[in-house]
Amino acid sequence: MNRNAMKLCLWGGLFVLFFTPAKADSGTPTPADFCRDWFGQAARAVPLPLCNTNVVVQEVTLDGRPSGWLFRTDQLPPFCKGNRGQIAVLVAIGTAAHIKGLTVLAH
């Protein structure tokens, strides 16, 4: 390859790398998105007060009233392990003790 062509490709690549604005990936749903899908558009998840058993559990409220809870299985004991490591599942449970939704986040 011509030396000048190689320099041009290198400078062009560096220009694109440093001067092209990066966009966040908006295609990945967040736990808040799943919360609205499972409990309704007006649902809001807020962390429960800290204590030994519910450090990472979020309470879902709908119109100011408790509607359920949202948690990740990889953050609460007992930990679920597969062949390749820990399995992370986002779980939503309603106040009637029914599972509102499940989604695998990592495995």
Side-chain angles (χ1 to χ4, degrees):
M1 183 182 228
N2 187 334
R3 190 176 191 106
N4 288 335
M6 194 179 330
K7 284 182 184 179
L8 182 64
C9 286
L10 178 64
W11 284 109
L14 289 173
F15 177 81
V16 168
L17 180 67
F18 289 110
F19 296 107
T20 303
K23 264 191 177 174
D25 182 19
S26 62
T28 306
T30 64
D33 295 332
F34 287 116
C35 177
R36 285 189 294 275
D37 288 346
W38 294 331
F39 290 98
Q41 291 299 317
R44 299 289 172 254
V46 295
L48 284 175
L50 296 177
C51 79
N52 292 340
T53 59
N54 61 0
V55 174
V56 292
V57 176
Q58 295 184 350
E59 181 180 33
V60 178
T61 57
L62 189 58
D63 298 327
R65 295 186 321 213
S67 183
W69 301 272
L70 193 65
F71 62 91
R72 289 176 56 133
T73 59
D74 62 337
Q75 296 175 345
L76 293 172
F79 300 109
C80 182
K81 290 199 173 196
N83 291 337
R84 296 187 183 189
Q86 212 161 343
I87 300 171
V89 178
L90 185 66
V91 180
I93 298 178
T95 53
H98 291 104
I99 296 174
K100 300 282 268 182
L102 294 169
T103 189
V104 177
L105 300 174
H107 61 84

Cluster overlap F71 with I87, hydrophobic side-chain contacts below 4.5 Å: yes
side-chain contact (heavy atoms from CB on, under 4.5 Å) involving I99 - partner list, sequence neighbours excluded: L102
Single-linkage hydrophobic cluster, 4.5 Å side-chain cutoff, L62 and I93 together: no
Those residues that, when tested against R72, pass side-chain contact (heavy atoms from CB on, under 4.5 Å) (two or more places apart): D74, Q75, A88, L90, L105
Contacts of type ring-ring contact (aromatic ring centres under 6.0 Å, His included), residue W69, not counting sequence neighbours: none
Residues in ring-ring contact (aromatic ring centres under 6.0 Å, His included) contact with F34, at least two apart in sequence or another chain: W38
Residue pairs, two or more places apart or on separate chains, that pass salt bridge (charged side-chain N to carboxylate O under 4.0 Å, His left out) and touch residues 34-43: D33-R36
For V46, the rest of its hydrophobic cluster, which grows through side-chain links under 4.5 angstrom: none
For A42 against D63, the heavy-atom pair lying closest together: CB-OD1, 4.4 Å
P66 versus T95, closest heavy-atom pair with distance: O-CG2, 3.7 Å
Distance-minimising heavy-atom pair for L70 and A45: CD2-CB, 4.4 Å
Interatomic distance, R44 atom CZ to T61 atom OG1 [nearest 0.5 angstrom]: 8.0 Å
